[in-house]
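Values reported hereafter were calculated over all heavy atoms of this structure, with side chains retained and with hydrogens, waters and symmetry mates removed. Keep in mind it's a predicted model, so treat the numbers as computed, not measured.
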Amino acid sequence: MRLSRRPRANPAGEMSILEHIGELRNRLAKSCAALVVGTLVAFSLLYEPVIDFLLRSYCALPAAARIGSVAEDGGCRLAALSPLEPLSIRIRLSLTVGLLLAMPFIAFQLWRFITPGLRPNEKRFAIPFALASTCLFVGGVAVAFFTLPKAIGFLSDLGGSGIASFFQADRYLRFVLFMGLAFGLTFEFPLVLVFLSLIGALSSAAMLRTWRPAAAVIIVAAAVITPSQDPISLFAMAVPMWIFYFAAAAIARYLIEPRRARRQALAGTGEP
């Protein structure tokens with residue numbers, strides 16, 4: 001007679017190293033599957049509208065910066081210099097849009113991976129975390145595309161009237177996509193601060209006390225991260241980061257820390 005073993009009670013969600021690795025593998029597999037689905041949808045359905053949207057920054061440039069790329073229908077085109085370049089552009093663009101589509105699910109999987117180390121009342125932030133990360137990522141991409149025409153025009157004018165800009169399709173779209181990803185990922189910065197405050201590793205007092213060094217670090221990081229290295233993109237990234245820094249400090253001070261203080265006070269009195 002074979003006795004069935006009852007599952008071990010684990011209300012605290014404690015796991016061994018091997019269980020953590022297995023959990024991480026499971027979350028990564030689900031995230032990769034979501035990325036594949038999003039990429040296929042972007043490849044088959046969304047490529048044309050997205051490429052038209054990305055070309056707006058290019059078509060907004062002065063005619064002198066689009067020599068040889070003006071189409072017969074009055075639109076503007078980029079030059080592909082090899083037979084395989086259109087395919088590589090479509091794959092790269094589809095991967096980027098697929099990541100954007102899968103971002104809510106990936107963020108949810110990330111939160112589910114870290115929740116075993118959180119208290120039960122903190123685990124309810126899973127859906128707000130996923131929504132906030134998606135909104136911030138989309139906001140960063142929107143800021144990048146809004147500043148692109150001015151940034152590219154600024155860079156094109158640096159060469160003077162004696163140099164004509166001729167943008168290759170692969171390199172131009174790689175630059176645009178990298179700019180969008182850089183802004184989108186950088187805009188996740190406040191979530192990192194809020195999470196550190198949530199687990200008690202960073203306080204609002206510490207953030208406010210070190211705001212001057214933090215502001216300097218932010219502008220240096222923006223100068224390094226922005227692909228174009230132009231002042232327009234630099235401040236378009238740095239200014240929101242400064243705002244997000246103080247917003248994260250306010251969330252920690254007025255939302256997270258009062259709840260932690262009340263919880264500690266209840267634990268000290270022995271009340272449930």
Atom pair CG/CD1 of Leu24 and Ile21 - distance to nearest 0.5 Å
8.0 Å
Rounding to 0.5 Å, atoms CG (Leu131) and CE (Met103) come to a distance of 13.0 Å
Heavy atoms, side chains only, cut-off 4.5 Å: are Ile106 and Leu99 in contact?
yes
Does the pair Phe235 and Thr147 meet the rule for a side-chain contact (heavy atoms from CB on, under 4.5 Å), with working shown?
CA-CA 10 Å; Phe235 284 101; Thr147 59; over 6 Å; no
Is the side chain of Tyr245 donor-acceptor paired with the backbone N or O of Met207 at a distance under 3.5 Å, no angle test?
yes
How close do Leu40 and Ser44 get, heavy atom to heavy atom, and via which atoms?
O-OG, 2.8 Å
Do Asp170 and Arg92 have side-chain heavy atoms sitting under 4.5 Å apart?
yes
Note: Ala252 and Pro258 closest approach over all heavy atoms is O-CD, 4.1 Å
Is there a side-chain contact between Ile152 and Phe175 (heavy atoms, below 4.5 Å)?
yes
Hey, what do you get for OG (Ser88) to CZ (Arg174), rounding to the nearest 0.5 Å?
8.0 Å
Kindly give the heavy-atom pair with the smallest separation between Ile225 and Phe178, and that separation in Å.
O-CE2, 4.3 Å
Tell me whether Val138 is reachable from Val141 by hopping between hydrophobic residues (I, L, V, M, F, W, Y) whose side-chain heavy atoms are closer than 4.5 Å.
yes
Is the side chain of Ser233 donor-acceptor paired with the backbone N or O of Asp230 at a distance under 3.5 Å, no angle test?
no
Please round to the nearest 0.5 Å and tell me the distance separating atom CG of Leu177 and atom CG of Leu95.
10.0 Å
I want to check something: taking the side chain as every heavy atom from C-beta on, are Leu54 and Phe145 in contact at a cut-off of under 4.5 Å?
yes
Are Val97 and Tyr47 packed together at the side-chain level, in the sense that at least one heavy-atom pair is separated by less than 4.5 angstrom?
no
Quick check: closest heavy atoms across Ser31 and Gln109, and the distance to 0.1 Å?
OG-CB, 3.7 Å
Quick check on the hydrophobic clustering: are Ile91 and Val36 connected, directly or via other members, by side-chain heavy-atom contacts under 4.5 Å?
no
Ignoring hydrogens, what is the shortest heavy-atom contact between Ser94 and Ala42? Give both atom names and the distance.
O-CB, 3.7 Å
Spacing of Met241 atom CE and Met237 atom CE [to the nearest 0.5 Å]
7.0 Å
Are Leu101 and Phe105 linked, directly or through other ILVMFWY residues, by side chains that come within less than 4.5 angstrom of each other?
no
Hydrophobic cluster identity match, Phe244 and Val220, side-chain contacts under 4.5 Å:
yes
Shared ILVMFWY cluster between Leu100 and Val50, side chains joined below 4.5 angstrom?
yes
Exercise: do Ser203 and Glu257 side chains pair donor with acceptor under 3.5 Å
no
Distance (rounded to the nearest 0.5 Å) between Leu173 CG and Glu85 CD:
8.5 Å
Per-pair distances, 0.1 Å, donor-acceptor, side chain in residues 179-202, under 3.5 Å, sequence neighbours excluded:
unit_1: Thr186; atom_1: OG1; unit_2: Ala182; atom_2: O; d: 2.5
unit_1: Glu188; atom_1: OE2; unit_2: Phe137; atom_2: N; d: 3.4

Does Phe246 offer a backbone N or O that forms a donor-acceptor pair with the side chain of Trp211 under 3.5 Å?
no
For Pro49 and Leu45, work out which heavy atoms get closest and say how close.
CD-O, 4.1 Å
Evaluate the side-chain proximity of Arg253 to Leu208: yes if any heavy-atom separation is below 4.5 Å, no if none is.
yes
